[in-house]
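Here's the structure we're looking at; comments come further down.
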Amino acid sequence: MLDLSRLNPPQREAVLHDAGPLVVFAGAGSGKTRVITYRIAHLVSERGVSPSQILAVTFTNKAAGEMRDRIRVLLPGVSCPWVGTFHAICARLLRRHAEAINLNPQFVIYDDTDQKAMLTRLVRELDLDERRFVPRELARQIEAAKRDMLGPEDITARSFEQDVMQRVYALYEERMGQCGALDFNDLIYRTVLALRKHDGLRTMLQRFWQHILVDEFQDTNLSQLELVRVLAAEHQNLCVVGDDDQSIYKWRGADRRNILDFKTSFPSAEVVKLEQNYRSSAHILSAATAVIARNSEREPKTLWTENPEGEKIRVIVCADERDEARAISEAVRKLRDHYSLAQMVIFYRTHAQSRVLEEEMRACNFPYRVVGGQRFYERAEVKDVLAYLRVLVNPSDDVSLLRIINTPVRGIGKTTIDKLLDMAAQRGASVWSTLQVAVAEQAFPKAAHTKLAAFTELMADAQKRASQGRGPGELADHVLEKTGYLQLLRAEDTAEADGRIENVEELVASIREFENEAETPTLSQYLELVTLQSNADEVNADDKLTLMTVHAAKGLEFPVVWVAGLEERVFPLTRQDTLRDDDLEEERRLAYVAFTRAEQRLYLSYACARRLHGDLMVGIPSRFIDEIPAEHVQQVSRVNTGYGGYARGAAGAASGSYGYGSSRPSGYPSGARPNYGASGNRAAPQQRFIGTKAPAPKTPARPPGESYIDRSDADEGGSVFIGMRVRHAKYGEGQVKSVEGGHPPRVTVAFTGWGVKQIVASFLEPA
DNA sequence: GTCTCTCGCCTTTTT
DNA sequence: GGCGAGAGAC
C-alpha cells in the first residue's frame with residue numbers, strides 16, 4: 001500500500017485524481033516531482049494500470065533519469081513505464097514504426113551544426129547571397145515552422161525573402177530525406193504528422209497509453225502540445241504539471257498558454273494548485289514572490305511556507321567582475337565551515353560570465369565544475385569520429401560524409417569536392433553514391449581519382465565490417481586506426497592536440513561503456529543516444545562547487561545560491577537598448593527561477609563596472625534587486641567610498657539610482673567626470689560605455705569616488721575611456737578617440753590644434 | 001592543395 | 001576573448 005501520509009492535501013488530490021484531464025500548477029519547491037512519481041506509483045499499485053500503459057514525458061534527460069529512479073524506489077520490482085524526453089520518445093516511435101510511415105529506419109539526427117552545414121550548402125547551391133540569407137537565420141525559421149506544425153507548403157510567401165525561405169525550406173526537407181536525416185524539431189513534427197496520417201498507428205498508440213503525464217508543461221510548444229493531445233485523445237487521461245512562472249524557453253517556441261489555457265483546451269480538466277513551498281526560507285520565498293508578482297498574465301497563486309525566516313538575502317555591491325569573483329570566493333571560504341562545496345552553486349545569466357569566476361575558483365584551489373558550456377559531443381574531434389560512425393550506419397548522410405572526406409587531410413581538396421557536389425546535385429543522389437559512380441567511371445583526373453578511390457575503399461571496407469555485426473567500439477577503433485587520425489594528432493605534439501586525443505579516447509571509452517551496458521548495443525542506438533544527450537550529466541558525487549547558467553538550474557535546489565552579475569543589460573539581458581515587455585517578463589521569470597533554487601542562503605551580486613564583449617561598461621543594479629522588498633535584504637558594499645553602492649529607497653523601489661550616481665554631489669575630480677552624453681559614444685539609456693579594449697580596472701578597483709584616471713595605474717592601460725577629456729604636457733587638452741592597449745598601453749587622442757596623436761597612456765592626465 | 005593568418009562575427013538560453 | 005570563414009602565400 002502506497003504511503004500517502006507525506007503528501008499535503010492538494011498533492012494528494014493530484015495523486016488520487018481519478019480520470020480525465022488534470023492540470024497541476026506546481027509552484028517552485030512545492031513537491032512537483034513527488035506528485036508525478038506518486039501518481040504513477042498510485043496508478044500502478046492501487047489502480048492496476050500496467051506500467052507499460054503509462055507514458056511520462058519530461059524536458060531533459062536528467063529529469064527523465066531522476067523520475068525513473070524515484071519510480072523504482074516507489075515500485076520496487078515492477079517494470080518502469082515509458083519515461084523520456086519528448087525528443088527521445090519520438091525518436092523511438094519513429095524508428096520503431098519507420099517502415100510503416102515510409103521513413104529510413106537508420107535515420108540520423110542532425111544537431112544544429114549539421115543543420116547549418118546542410119543549409120550553407122543549399123544556400124550556395126541556390127546561388128543566394130549568403131549575407132542576405134544567413135544559414136543560421138534560415139535554420140531558425142525552419143525550426144519555428146516545424147514547431148508550429150507548418151510544412152514548406154504551408155508558408156505563405158508575401159515577400160521575396162519569404163519566397164526564398166519557402167524554397168530553401170522545401171529543398172532542405174528534400175535533402176534531409178535524401179540524407180536519411182532528421183533535425184531535432186523533425187522528431188516531434190514528423191511523429192505528429194505520422195499520427196495524423198496513419199490511422200492504424202494513431203489508434204494503436206491512443207489505445208495503448210492509458211495515462212500520459214507531462215512534466216514542465218509550461219515549456220512545451222505547439223507541436224508538443226499537439227502530440228500529447230493526439231496521444232491522449234482516446235482515454236483523456238492527460239496529466240500535465242508545471243509552473244507558468246518558470247517558463248523560460250519562449251525563445252525556443254515554448255508557449256505558456258499551453259498551461260495557462262489548459263482548462264480551455266480541456267474543459268473537463270481538474271485544476272490543482274500546489275502552493276506550499278518546502279524548499280526555501282521565508283525571506284527567500286517572499287523576495288522571489290514579490291519579484292514575480294510584477295509580471296502580468298499569470299495564473300494566480302499564493303506561495304507560502306512553514307520554513308523559518310532564515311537569513312536575509314545579501315546583496316553584494318562589487319567594484320567589477322573580478323572583485324565579484326573574489327567576493328564569491330571569500331564567501332565560499334567562510335561558508336565551507338557549514339556547507340560542503342557541493343551544497344553551493346553560482347548562477348549567471350550567460351556562459352561568458354563563467355570565465356572570470358572559473359579563474360578565481362582555480363586560483364583559490366576550490367574544486368568546481370561548470371555545467372553546460374562547450375559540449376563534449378560538439379567538439380570538432382569528437383564530431384569527426386562520430387561522423388565516420390554515422391556514415392557507416394547511413395552512407396547517405398551527406399553532411400557527415402563531407403565532414404570526413406578530407407579529415408584527416410588526404411588530398412581531396414575544394415576543387416574536387418565542389419565537382420563531386422555538382423555531380424551529386426545533377427544526379428539527385430547522395431554524395432556517397434555519386435562518389436562510388438565517379439570512382440567506377442574514373443570521372444576524375446588521375447591524382448584526384450586515386451585519392452577518392454582510396455577513401456571509398458576505406459569506407460566500403462569499414463561498412464563491410466559494420467554489416468558483419470562488429471560492435472561500435474571495434475568499428476571506432478578500426479576507423480581511427482585506418483585513417484591514422486590519432487597518429488596524426490600525436491605527431492602534432494602540442495598541448496592542444498593532446499587535449500583532442502584525450503577527448504577521442506574518452507569518446508571511445510564511452511562507446512565501450514555503452515556496449516557493455518545497453519540492451520541493444522547497436523551503432524545506430526549509440527549515435528541516437530549521443531545526439532539526444534545534451535551534455536554528459538556528471539554525477540555530483542565529488543564535493544565540487546557548481547557553476548551554471550540559470551537555465552541549467554531549473555529543477556535543481558541548493559542550500560547556498562549565489563546569483564552573479566545582477567546588472568541591467570546582463571540580467572535582465574538585453575541585446576540592444578530595447579527590452580520588450582514580454583522579454584522582460586521572461587527575464588523576470590528567469591530571476592524567479594534563480595532565486596527559488598535557494599534553500600537557506602541567497603546572495604545576489606552586481607559589479608559597478610564590467611567588461612562586456614571586450615568593452616568596459618558601467619554596471620547598474622538589476623531592477624530585479626530593486627523589486628525585492630527592503631525588509632528581506634541586507635546590503636554589503638565592497639566599494640568603500642562612503643557611498644554604499646546604490647541608494648535603496650525606503651520602499652525598495654529606487655529604480656534609476658546608479659552605482660555611479662549622477663546624484664552624487666562630489667565624485668569625480670572636477671572635469672574628470674565622464675561626460676557620457678556629450679562624448680558622442682554609443683550611450684545607451686541605461687548603460688554607459690566607458691572604454692574599449694582596455695583591461696578591467698585593477699582589483700580591488702578604485703572606488704567610484706575616484707577618477708578612472710590614475711597615473712599609478714596607467715601602466716596597465718586601463719582607466720581611460722573613449723570620449724574622456726585629457727591633458728598632455730606638450731599637446732595640451734584633447735579627447736580620447738580610442739584605447740589601444742599593448743605595452744606600454746597607448747591611447748589615440750584628438751588634440752585641439754595638434755590633431756590626432758597616439759600617446760602612451762601614462763603621459764596623460766585628466767583634463 | 002594545404003597551411004596560416006587575419007578579419008569579422010558574435011556571445012542567451014538547448015533537445 | 002573565441003571561433004569560423006575567407007584570403008593569400010607556399
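A note on names: the letters A, B, ... follow the listed sequences, proteins ahead of strands, and every chain is numbered from 1. All values below come from the heavy atoms of this structure, side chains included, with hydrogens, waters and symmetry mates left out.
Within the 4.0 angstrom heavy-atom criterion, only backbone atoms of the sugar-phosphate kind lie near A:N406; the bases stay farther away. Looking at heavy-atom distances under 4.0 Å, A:F86 makes no contact with the nucleic acid at all. Residue contacts for A:R124: at a heavy-atom cut-off of 4.0 Å it reaches the sugar-phosphate backbone alone, with no base atom in range.
A salt bridge between A:D219 and A:K250 is absent, with no side-chain N of the basic residue lying under 4.0 Å from a carboxylate O of the acidic one. Electrostatic pairing of A:R92 and A:E528 does not count as a salt bridge here, judged by no charged N lying under 4.0 Å from a carboxylate O. Checked for salt-bridge contact, A:R257 and A:D255 meet the test: a charged N lies under 4.0 Å from a carboxylate O. Ion pairing between A:R121 and A:D398 holds under the 4.0 Å rule for side-chain N and carboxylate O. A salt bridge links A:R190 to A:E173: one of the charged nitrogens lies within less than 4.0 Å of a carboxylate oxygen.
Distances shown here put a side-chain N or O of A:T416 below 4.0 Å from the OP1 or OP2 atom of B:dG1. Side-chain nitrogen and oxygen atoms of A:R355 include at least one within less than 4.0 Å of the OP1 or OP2 phosphate oxygen of C:dG1.
Comparing C:dA5 with B:dT12, their C1' atoms sit 23 Å apart, to the nearest whole Å.
Aromatic ring centres of A:Y606 and A:F571: separated by at least 6.0 Å.
Atom CZ in A:R136 sits roughly 12 Å away from atom C1' in C:dG4 (whole-Å rounding). Rounded to whole angstrom, the span from the NE2 atom of A:H551 across to the P atom of B:dT12 amounts to 12 Å. As rounded to whole Å, 10 Å separates atom P of B:dG1 from atom CZ of A:F444. A straight line from CG of A:D418 to P of C:dG6 spans 12 Å, rounded to a whole angstrom. Atom CZ of A:R379 and atom C1' of C:dG2 are 14 Å apart (whole Å). In this structure, A:Q353 places its CD atom 16 Å from P of C:dG1, rounding to the nearest Å. For the pair A:E216 CD and B:dT14 P, the computed distance is 14 Å after rounding to whole Å. Look at NE2 on A:H351: it is 14 Å from P on C:dC3, rounded to the nearest Å.
Judged by distance alone, with hydrogens and angles left aside, A:W251 brings no side-chain donor or acceptor close enough to the base of B:dT12 to form a pair under 3.5 Å.
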- Query: So what does the secondary structure string of DNA chain C come out as, 5' to 3', with Watson-Crick or wobble pairs under 3.5 angstrom, [ ] for crossing and | for pairs with another strand?
  - Reply: .|||||||||
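Remark on DNA chain B: of its neighbouring residues A:T415 and A:L573, the 5'-side contact belongs to A:T415, judged by nearest-heavy-atom nucleotide. In terms of position on DNA chain B, the residue among A:I417 and A:R349 whose nearest nucleotide sits closer to the 5' end is A:I417.
In this structure, A:L138 and A:E143 have side chains that are not in contact, with every pair of non-hydrogen atoms separated by 4.5 Å or more.
Within 6.0 Å of CG in A:D129 there are more than 12 heavy atoms belonging to other residues, nucleotides or ligands.
Of the candidates B:dC3, B:dT14, B:dT12, the closest approach to any side-chain atom of A:V409 belongs to B:dC3.
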